[in-house]
Every structure is written in structure tokens, then in C-alpha cells.
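Below: the structure, in C-alpha cells.
Fair warning: this is a prediction, and the values are worked out from it, not measured in the lab.
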Amino acid sequence: MFFFLVGVAPRSRSDDGNSPRIHLSQPFVYFGHSYSQIYVNHNGHLTFTGPWRSFTPQRFPINGSRDVIAPFWTYIDNRERGQIIYKEHRGGHILQQATQDVNQYFPGLNFQAVSVFVATWYEVAYYPRTSTVTTFQAVLISGGRYSFVLMNYGAIDRTNLSIQIGYDTVHSVHYHSIPFYFGTDADGRVFQQRSNVNVPGRFAFRTDSGTSGPLYPINGRRSSRSDDGNSPRIHLSQPFVYFGHSYSQIYVNHNGHLTFTGPWRSFTPQRFPINGSRDVIAPFWTDIDNRERGQIIYKEHRSGHILQQATQDVNQYFPGLNFQAVSVFVATWYEVAYYPRTSTVTTFQAVLISGGRYSFVLMNYGAIDRTNLSIQVRVIKFYFIMLNFFENE
């Protein structure tokens, strides 16, 4: 499914070339960065701060210094065949189509597109085989505080070249890699029949702030890549009060839980109540392996829009408290894999909110992949103390 192929074609046909700097009249917000310019690079990717002629795809995450959108990064040569066409649309039926598509794929946002930038690689050839014909497209949609990327696919010719599809950000804080293959998958589908939004040949991603659904913005320090690992001790500048105990430190454990007095590497979830000796917050306790896929990211926020968001959320969920957040600690397991299936992708988040004599935990969930592993989700307190807490209320 393609948007209309209208726009500007490059002034010259060039191997490993790029468009000139393209001014965006409506800035595109890409995971917290607002860009008023973009470059369409001939080898199947878009960049923002400058052109990039790389024809050898690097596997995401790159952990590099640029933001990249790669609908089909490979070695393309448009000198003899094909066109690379681009245009920013600010009105008309394409905005209507984009608005309809986004509200279908991301319901509940009441989204209205104000700008749609479309870049199409139309019937281009792989280098050096000028007889090959491949067509694909990237669509960047902006509206209000939201932004989205659609990737559309037409006929994809066979090649022995390496291919990378997806997106990546500076230091790979956010990234997504779409596996590409020729032939059919286990369900008998060719790549052009695949989709994450039930529209064959289309993938759709929300890219404004690293959030999907209820997720808080994802930024901060990244934990190490290690199976059954954990963050170092994290100092909390605002202590978190947890059922009568005040903690000034926390550990983000890779297997989907938080602890306070020390790290805990347990990958086999225990059913609550454990009747144990530690306090645990478990947004998604299971056997997670971030060595090859995903990031575990955490940060304590003491000011800015995240505190405003947390204040608003708490007062909505717990009316009558007149709550004001002074600290928000966000831990996100972003597109991590289950052990040992590194192709799985799961995202979830724990948000610890402090303010005055109140404290709250939010658990937010993005895409959750299927698994046969055991899972435990809950907040627990050492059980005897928990009983005393409720008895004293």
C-alpha cells in the first residue's frame, strides 16, 4: 500500500548519492529531537543532520552518532534505472489519508496530520545489477505532539546484498530492526505480505518521544548487556517511600524487577506472596536476555514535563489528594528479548513517583511478545510488613 508517487526527483542520477538538504516547513519530532531538515540518501535511508552515503548496512543497534530511518538500506544504484522521489505535503487528500491511517493503527489519539513527508525509491536497481527492480517508501507524518513513520513495500527483487530495515537513534537509545528474508516465512508469507498493523507491505511506528501507548518518555542511562544482570546501585536524590520504608537507592534487575537493598538476578519468577525477605516491584518478571537485543534504560527526573505528566496522572487516578510530584524514577525494558529467543521483542516500564508523603508505582506496557516462560507481574512487600501496613490504615 503506497502513498501517491509525486514530488521532486534528484537533479542527477548518482551512485551512493543523496538529495540536497530538504527544508521541512513542519518540524519532524524524532524521539525527542525536532528536525527542520532531512536528507534522502540513495542507498535506502533518511538522515537529519547531514547526508550519509553509506551503502553497506550496519545492523541495528549501531550505537552511533546519528538518527537514521532505514526503510531498505542496501547498495542501490539509480544511474540507469528508477527514480528517488520526495515531497512534503501540507494539505489535500494525502493528509486525510495519513490522518485516517494513524487513527486506525494507533486508536485513541484523536490524531490530525498537519504534514506528511513522502520519500519513494521507485523501481530502483541494486548495484551492480541494473536489471533488478525494487520499490519501497518512507512516510513521515507529523501532527501536534505526535509523529509517526510508515514503511511501505512494493516489488522487492532478489539480491545477495545485505539489507537493514528499521530505525535507529543516537547511541541507539531507541531502535527497531525488522528481519528481512526472501522466500516465505513459517506462515507462508513473503516479506511484502508482512506487517505490524495488519496491512500487507506496511509497518507503522510512533516516533515522537519513544513512547507507545502509556509509556513515559524513554531516556537516561543504559544498563550493561548481560544475561541475568543488573544495574549498579542507583542513588535516589528523593527517597522513595515504599510501604513505610524510605529508600535512597534502587537496583534495576534485567529480568524485569526492581529491588532496593541489593541486586537480584533471579530469572525464575516466584508467585506472590513469596513470604521472603526483600521488597520487590516486578513489572514483568521473567527470563530476559538483553545481550543481543533491546536496552534497559533508567533515569530519575526531578523537573520538567515528566513531573507534570506524573502529577496529572496521579491526580486523575487518585483524585482528592492534591498531589504534586517532586521525583519520578523511570525504568524501561525497551524491546528486550526472552531467553533464549533473541528474535522476540517486548517493552515494559516501571514508574516510581514521589511527592510529599505519597508515593506511587505505575506499570506501563508496550508490545509484549508471546512466550512459554513463566511471568510474574505485581508490587510486593515483605508479607508480614504488608499485613501490618494494612492493619494500621
Can you check whether Ser226's main-chain N or O pairs, donor with acceptor, with His254's side chain at less than 3.5 Å? yes

So, Glu123 versus Thr135: side-chain donor-acceptor pair below 3.5 Å or not? no

Just by distance, do the side chain of Thr47 and the backbone of Val68 share a donor-acceptor pair under 3.5 Å? no

Could you tell me whether the side chain of Tyr127 reaches within less than 4.5 Å of the side chain of Ile76, counting heavy atoms only? no

Looking at side-chain heavy atoms only, is the closest gap between Gln26 and Glu88 below 4.5 Å? yes

The reported gap from CZ in Phe28 to CZ in Phe148 (rounded to nearest 0.5 angstrom) is 9.5 Å

Determine, stepwise, if the pair Arg129 / Asp77 fulfils salt bridge (charged side-chain N to carboxylate O under 4.0 Å, His left out). CA-CA 9 Å; Arg129 297 179 57 216; Asp77 185 356; over 6 Å; no

Quiz question: by atom type and distance under 3.5 Å, do the side chains of Ser223 and Tyr298 form a donor-acceptor pair? no

Enter the distance from Leu352:CG to Ser327:OG here, rounded to the nearest 0.5 Å. 8.5 Å

Minimal non-hydrogen separation, Ser131 against Asp157, with atom names: O-OD2, 4.4 Å

Should Phe31 and Asp67 count as side-chain neighbours, where that means a heavy-atom distance under 4.5 Å? no

Backbone N/O of Ile368 and side chain of Thr346: donor-acceptor pair under 3.5 Å: no

In the structure I gave you, are the side-chain heavy atoms of Asn43 and Tyr75 within less than 4.5 Å of one another anywhere? yes

Is there a donor-acceptor pair closer than 3.5 Å between any side-chain N or O of Arg90 and the backbone N or O of Val114? yes

Flag, side chain of Gln164 to backbone of Phe72, donor-acceptor distance under 3.5 Å: no

Please say whether more than 12 non-hydrogen atoms of neighbouring residues, nucleotides or ligands are located less than 6.0 Å from CZ in Arg59. yes

For the side chain of Trp333 and the backbone of Ile288, is there at least one donor-acceptor N/O pair under 3.5 Å apart? no

Would you say Met151 and Val149 make side-chain contact, with heavy atoms under 4.5 Å? yes

Cluster check Val197, Tyr146: I/L/V/M/F/W/Y, side chain < 4.5 angstrom: yes

Count the heavy atoms of every other residue, nucleotide or ligand shown that sit under 6.0 Å from CZ of Arg233, and state whether that count exceeds 12. yes

Is it the case that more than 12 heavy atoms not belonging to Gln249 sit under 6.0 Å from its CD atom? yes

For the OG atom of Ser19 and the CD1 atom of Ile22, what is their distance to the nearest 0.5 Å? 3.5 Å

Establish, from distance only, whether the side-chain atoms of Arg202 and Asn152 form a donor-acceptor pair under 3.5 Å. yes

Cluster link Val241 to Val328, ILVMFWY, side chain under 4.5 Å: no

Under 3.5 Å, is there a donor-acceptor pair between the side chain of Asn253 and the main chain of Trp264? yes

Answer whether the closest heavy-atom distance between the side chains of Phe203 and Tyr153 falls below 4.5 Å. yes

Does the Thr99 side chain pair with the main chain of Ala113, one donor and one acceptor, at a distance under 3.5 Å? yes

What residues, two or more places apart in sequence or in another chain, satisfy salt bridge (charged side-chain N to carboxylate O under 4.0 Å, His left out) together with Asp168? none

One pair to check against side chain to side chain contact (heavy atoms under 4.5 Å, CB included): Ile297 and Arg221. What are the steps and the verdict? CA-CA 5 Å; Ile297 304 162; Arg221 294 191 60 183; over 6 Å; no

Could you tell me the separation between the CD1 atom of Ile296 and the CZ atom of Arg222, rounded to the nearest 0.5 Å? 12.0 Å

Determine whether the side chains of Asn290 and Tyr334 contain a donor N or O and an acceptor N or O closer than 3.5 Å. no

Please check if Phe318 and Tyr216 belong to a single hydrophobic cluster, counting links between Ile, Leu, Val, Met, Phe, Trp and Tyr side chain heavy atoms closer than 4.5 Å. yes

Determine whether Ile281 and Tyr247 fall in the same hydrophobic cluster, where Ile, Leu, Val, Met, Phe, Trp and Tyr are linked whenever their side-chain heavy atoms lie under 4.5 Å apart. yes

If every non-hydrogen atom of Arg194 is compared with every non-hydrogen atom of Ile178, which pair is closest and at what distance? NH1-CG2, 4.3 Å

Please examine the side chains of Thr344 and Thr371, heavy atoms only from C-beta on, and report whether any two atoms are closer than 4.5 Å. no

Separation between CG of Asp228 and CG of Asp289, rounded to the nearest 0.5 Å: 7.5 Å

Say whether Arg302 and Ser237, considering side chains only, have a donor N or O and an acceptor N or O under 3.5 Å apart. yes

Stepwise side chain to side chain contact (heavy atoms under 4.5 Å, CB included) test for Phe117 and Leu24: CA-CA 8 Å; Phe117 179 82; Leu24 298 175; 3.9 Å; yes

Can a donor-acceptor pair be found, under 3.5 Å and without considering hydrogens, that links the side chain of Ser142 to the backbone of Ser147? no

Verify same cluster id: Val252, Phe284 (apolar side-chain graph, 4.5 Å): yes

The reported gap from CD1 in Ile141 to CD in Gln112 (rounded to nearest 0.5 angstrom) is 11.5 Å

For the residue pair Phe48 and Tyr39, establish whether any side-chain heavy-atom pair is separated by less than 4.5 Å. no

Please list, chain by chain and in numerical order, all residues satisfying ring-ring contact (aromatic ring centres under 6.0 Å, His included) with Phe205, sequence neighbours excluded. Tyr167, His176

For Gln295, does its backbone N or O pair with a side-chain atom of Arg225 as donor and acceptor, under 3.5 Å? no

